[in-house]
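Single-structure report; data block below.
Every chain is numbered from 1 and lettered A, B, ... according to where its sequence line falls, protein lines coming before strand lines.
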Amino acid sequence: MIENLVIVESPAKAKTIEKFLGKDFRVISSFGHIRDLAKKNLGIDIENNFTPTYEIPKEKSRVVSELRKLAAESKNVWIASDEDREGEAIAWHLISVLNLDLATTRRIVFHEITNEAINSAIQNPRQVDMNLVNSQQARRILDRLVGFEISPVLWKKVQPSLSAGRVQSVAVRLIVEREREIFAFETESSFRVTAVFEISSPGSENAIIKAEASKRFGDEKEALKFIDICKDSAYSVGSITIKPGTRSPAPPFTTSTLQQEAYRKLGFSVAQTMAVAQKLYEAGRITYMRTDSTNLSGLALTKARETIVSEFGEKYSKTRQFKTKLKGAQEAHEAIRPAYPDKHDTTGTLNEKKLYDLIWKRTIASQMADAVIEKTSITIDMSNSPVIFQANGEVIKFDGFLKVYAESTDQDNGDEERYVIPPVKKGMPLIYNNISASQKFTIPPPRYTEASLVKKLEELGIGRPSTYAPTISTIQNRGYVSREDRPGEKRNIKIITLVKGKVSTSLKTEIAGKEKSKLFPQDIGMIVNDFLIDNFSEIVDYHFTAEVEEQFDEIAVGNLKWTGMIDKFYKPFHKTVTSTLEKTERKTGVRMLGNHPETGEPVTVRMGRFGPVAQIGESANNTKPRYASLSKNQLLETITLDEALNLFRLPRSLGEHEGSEMIVGIGRFGPFIRYQSKFYSLKKGTDDPYTVTFDRAVEIINEKNESDKKKVLKDFGDIMLLNGRYGPYLVKEKQNFRLPKGTDAEKLTQEDCIKIIENSEKTKKNS
DNA sequence: CAGTGAGCGAGCTTCCGCTTGACTT
């Protein structure tokens, strides 16, 4: 017999709590939700007041039978799921599945994991709050209705296996709309004038002041004119302003801010951050990593304070508690922080160490004093022009939290340079060292990264800490968006320089539009997005979630009945579903690009069965249209007639080489030459399939054949020893086998090889 | 794995939010 059984959501939490509770208590975990709406069909009886059918998913059956067994053996069952909507629902499902009594089962919540907090929770049990449970049911049922009624419309009207949902469809919309802003963006340029001045008074040699003209110039002519004026001007210090200021540390990490900073500072993807954080959590090194709260427990505040005082001294410490600004935050957990703030280091993999270090610094910095800075700005007057130059400097008087950590931003601030302005007096004459006007181009709004998309979703109140990473995977898996790099394009910038009274003009090149790990919309994402905006504008509205959340809150406090709320939503929604099915045409994203310059046939692009395709001509009695797939990085929405026509130049024949034809084409893995039914890849960057010559093709074929010869180290008939990218390996019946570490490939006999293959097949079966 | 785009139709796909392993490369 177990005296007391406590059920929590997470197994790691169960372990730590059990230590505090003593031997009368057994603590186990439910591993999150144990029941969900039925997988098949809707799982909701719409005719019958939206009665849900819940079932225990197959993968949960083992946990549930274990829970049932333990609950039956226990005198008292305590349910300590998280203190939010989902946690309350988990409690209610547990009570129902474990056949407990709703009136007598003790519902408790821990706000932090300390002896005191846990014991006070045990002393103050309450009942399950059915209003909160109902608000969760409303949330769950609404999401199911939206997802499972709209998705089938997409299967019929766009393509099979697509999906739509309250969260994912808005995420896609953000990316599509950003891309269109970038298409529509018109780059402009202007000339920015910067100067380096020297202080001419004796004793202050080498002291320089970097400044920028208060005016920008529209074109080269104007800039040149101004530089000419500069040549003949005298300069002197105008006004001097010194402003004291402070900077404060950022709050401790939530899931969203951790994902952003881990991306910016460590280059982690959102999924990678969560996987590494999970490991740290399981090892007991950090608190729970899926949270929207910036709150720190009293214990954490004390420990952080002690650490700061002992490492940096009393004046670096400032205890702070941060309020969560976000609407809709549920704050069931603490912020993400080191479990033991006094431990600066951790064991584990390199990535675990890096992420722990980031969390430690952010947490500690949040409890440190403000930085005290002094901002100095001076103006520099010209003797022959009303234009002034402005110089900004900054001095850190006291570093405070900056000693440990400064938050990064999404913008690259290449231009911003902080430096110290040397002491100057009003009216002090200055001479220029150099003045230059350089062309600056305006830049379009930035594409989203995974992390900046999470930030935006969080601002809109869409999605939860536990779903940010999965949502980003989903929209990529559906093919709606893709994470890509772009090399960017070179462009020339003009620079006019004035040095020692001489004006010269030069050209520099810069790379514009270079992208790394950015989210790009794909054709199917744009088609689905437009279809949803046309037909389900309410659902993909940026405020939809916020509006339903308000109603869920009303349900949670008992002011609104969940069935009524759902009914009011569902009636018009379902009508829209039906009418969309009846009235709308299939959506293929078709675009007419123009007519073929020679034949006059129409040239169109659309989404075909195998992806985006260009088409010349129409299917009619005796004419068959010609087709060509769009290449990667081309979009239905932006491809031009010329680009589309270009696609039809491939595949093309290069002529016969030793009796066989060489064909050039572009396949799934890039450009290739087909020769004697073998494929030869063109070299990236050096060969272009449209222009590659006969001679070059022969060269590529010969090179590949040569290296293939070297590939075969030994040939035992059905088993071959080959040389691959990662060293020698064995091939048998199209299956690859690794050699055991330390094997000398040169000395392998046929028997050795057979043994290696047998062994590796055995271990495969055992695992 | 390298070039597909006709048409029919059975049976499948799909949501969001809680939690971790059990899988393969």
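- Contact annotation for A:Gly608: base contact, defined as any heavy-atom pair under 4.0 Å involving a base atom.
- Here A:Tyr281 pairs with A:Ser10 under the side chain to side chain donor-acceptor pair (under 3.5 Å) rule; sequence neighbours left out.
- Comparing atom distances between the A:Arg166 side chain and each of B:dT19, B:dC16, B:dT20 picks out B:dC16 as nearest.
- Scanning for ring-ring contact (aromatic ring centres under 6.0 Å, His included) contacts around A:Tyr680 gives an empty result, with sequence neighbours left out.
- Residue A:Leu162 is in sugar-phosphate contact alone, with no base atom involved, counting any heavy-atom pair closer than 4.0 Å across all strands shown.
- Not counting sequence neighbours, the partners of A:Ser293 by the side chain to side chain donor-acceptor pair (under 3.5 Å) test are A:Glu331.
- Residues A:Val27 and A:Glu18 approach most closely at N-OE2, 3.0 Å, considering heavy atoms.
- Counting any heavy atom pair closer than 4.0 Å across all strands shown, A:Arg478 reaches sugar-phosphate atoms only and no base atom.
- Of the candidate nucleotides B:dC15, B:dT19, B:dG17, B:dT19 has the atom lying nearest to any side-chain atom of A:Phe31.
- Under the rule for a side chain to side chain donor-acceptor pair (under 3.5 Å), the partners of A:Glu86 that lie at least two apart in sequence or sit in another chain are A:His33, A:Gln136, A:Arg139.
- In this entry the distance linking NZ of A:Lys279 with P of B:dT20 reads 11 Å, nearest Å.
- Legend: residues meeting ring-ring contact (aromatic ring centres under 6.0 Å, His included) with A:Tyr570, ordered by chain and number and at least two apart, are A:Phe50, A:His574.
- Side chain of A:Glu9, nearest nucleotide from B:dC18, B:dG3, B:dC16: B:dC18.
- Stacking between A:Trp155 and B:dT13 is shown: the ring centroid lies under 5.5 Å from the centre of the six-membered base ring, and the planes differ by under 30°.
- Note on A:Gly32: a base of the nucleic acid sits closer than 4.0 angstrom, heavy atoms only.
- Residue A:Lys156 contributes atom NZ, which lies 16 Å from atom P of B:dC8 at whole-angstrom precision.
- If you check every strand for non-hydrogen atoms under 4.0 Å, A:Thr545 touches nothing.
- At a threshold of 4.0 angstrom between heavy atoms, the contacts of A:Gln278 are confined to the sugar-phosphate backbone, with no base atom among them.
- Residues from residues 463-471 of chain A that place a heavy atom under 4.0 Å from any atom of DNA chain B, listed by number: A:Gly463, A:Arg464, A:Ser466, A:Thr467.
- Contact annotation for A:Gly43: no contact, since no heavy-atom pair falls under 4.0 Å across all strands.
- Taking atom C1' in both B:dT13 and B:dG9, one finds a spacing of 16 Å when rounded to whole Å.
- At the heavy-atom level, A:Tyr288 lies under 4.0 Å from the strands shown only through sugar-phosphate atoms.
- B:dC1 atom P lies 16 Å from atom CZ of A:Arg674, rounded to whole Å.
- Applying the 4.0 Å criterion to OP1 and OP2 of B:dC18, one finds that A:Arg290 has every side-chain N and O outside that range.
- Atom CD1 in A:Ile7 sits roughly 16 Å away from atom P in B:dT19 (whole-Å rounding).
- Residue contacts shown for A:Ala12 are absent, as no nucleic acid heavy atom lies under 4.0 Å away.
- Applying the ring-ring contact (aromatic ring centres under 6.0 Å, His included) test to A:His543 and every residue at least two apart in sequence or in another chain returns nothing.
- Here the P atom of nucleotide B:dC1 and the CZ atom of A:Phe679 are 12 Å apart, to the nearest Å.
- In this entry the distance linking OH of A:Tyr281 with P of B:dC18 reads 14 Å, nearest Å.
- Considering only residues two or more places apart in sequence or on other chains, A:Phe573 meets the ring-ring contact (aromatic ring centres under 6.0 Å, His included) condition with A:Phe569.
- Across all strands, A:Pro11 comes closer than 4.0 Å only to sugar-phosphate atoms, never to a base (heavy-atom distances).
- Which of B:dT20, B:dT14, B:dC18 sits closest to the side chain of A:Ser151 comes down to B:dT14.
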Tabulate protein N/O versus nucleotide N/O from nucleotides 9-12 of chain B, keeping only pairs under 3.5 Å, one per line.
none

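- The structure places CD1 of A:Ile700 at 4.0 Å from CD1 of A:Ile673, a figure rounded to the nearest 0.5 Å.
- Taking 4.0 angstrom as the limit, A:Gln615 places none of its side-chain polar atoms (N or O) nearer than this to OP1 or OP2 of B:dG5.
- Look at CZ on A:Phe544: it is 16 Å from P on B:dC15, rounded to the nearest Å.
- Nearest to the side chain of A:Phe148, among B:dC16, B:dG21, B:dC15, sits B:dC15.
- Comparing A:Val613 and A:Leu37, the nucleotide of DNA chain B nearest to each residue sits closer to the 5' end for A:Val613.
- Separating the CG atom of A:Leu94 from the P atom of B:dC18 is a distance of 15 Å, rounded to the nearest angstrom.
- Annotation: cation-pi pair A:Arg166/A:Phe544 absent, no NZ/CZ under 6.0 Å from the ring centroid and within 45° of its normal.
- In this structure, A:Phe610 counts as stacked on the base of B:dT4 under the 5.5 Å centre distance and 30° plane angle limits.
- By the side chain to side chain contact (heavy atoms under 4.5 Å, CB included) test, A:Glu618 pairs with A:Pro602, sequence neighbours left out.
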Problem set entry | For DNA chain B, the dot-bracket pattern of Watson-Crick and G-U pairs whose distances stay under 3.5 Å, | for other-strand partners | .........................

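- Using a 30° and 60° split on the angle between ring planes, A:Tyr288 and A:His333 fall in the tilted class, from 30° to 60°.
- Listed nucleotides B:dC15, B:dT19, B:dG21 differ in distance to A:Glu282; the shortest reach to its side chain belongs to B:dG21.
- In this structure, A:Gln522 has no side chain to side chain donor-acceptor pair (under 3.5 Å) partners at least two apart in sequence or on a different chain.
- With DNA chain B read from its 5' end, the first of the two nearest nucleotides for A:Arg62 and A:Asn41 is the one closest to A:Asn41.
- Both the sub-6.0 Å distance and the 45° axial angle are not jointly satisfied by A:Arg478 relative to the ring of A:Tyr480.
- The side chain of A:Ser10 places an N or O atom within less than 4.0 Å of a non-bridging phosphate oxygen (OP1 or OP2) of B:dT20.
- A:Gln136 comes within contact range of no nucleotide atom at all, as no heavy-atom separation falls under 4.0 Å.
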For this session: Check the pair A:Asp687 / A:Arg696 against salt bridge (Lys or Arg N to Asp or Glu O under 4.0 Å), numbers first and verdict last.
Result: CA-CA 9 Å; A:Asp687 296 315; A:Arg696 174 62 186 150; 2.9 Å; yes

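- Counting distance only, with no hydrogens placed and no angle test, the side-chain atoms of A:Ser629 and the base atoms of B:dG5 include a donor-acceptor pair under 3.5 Å.
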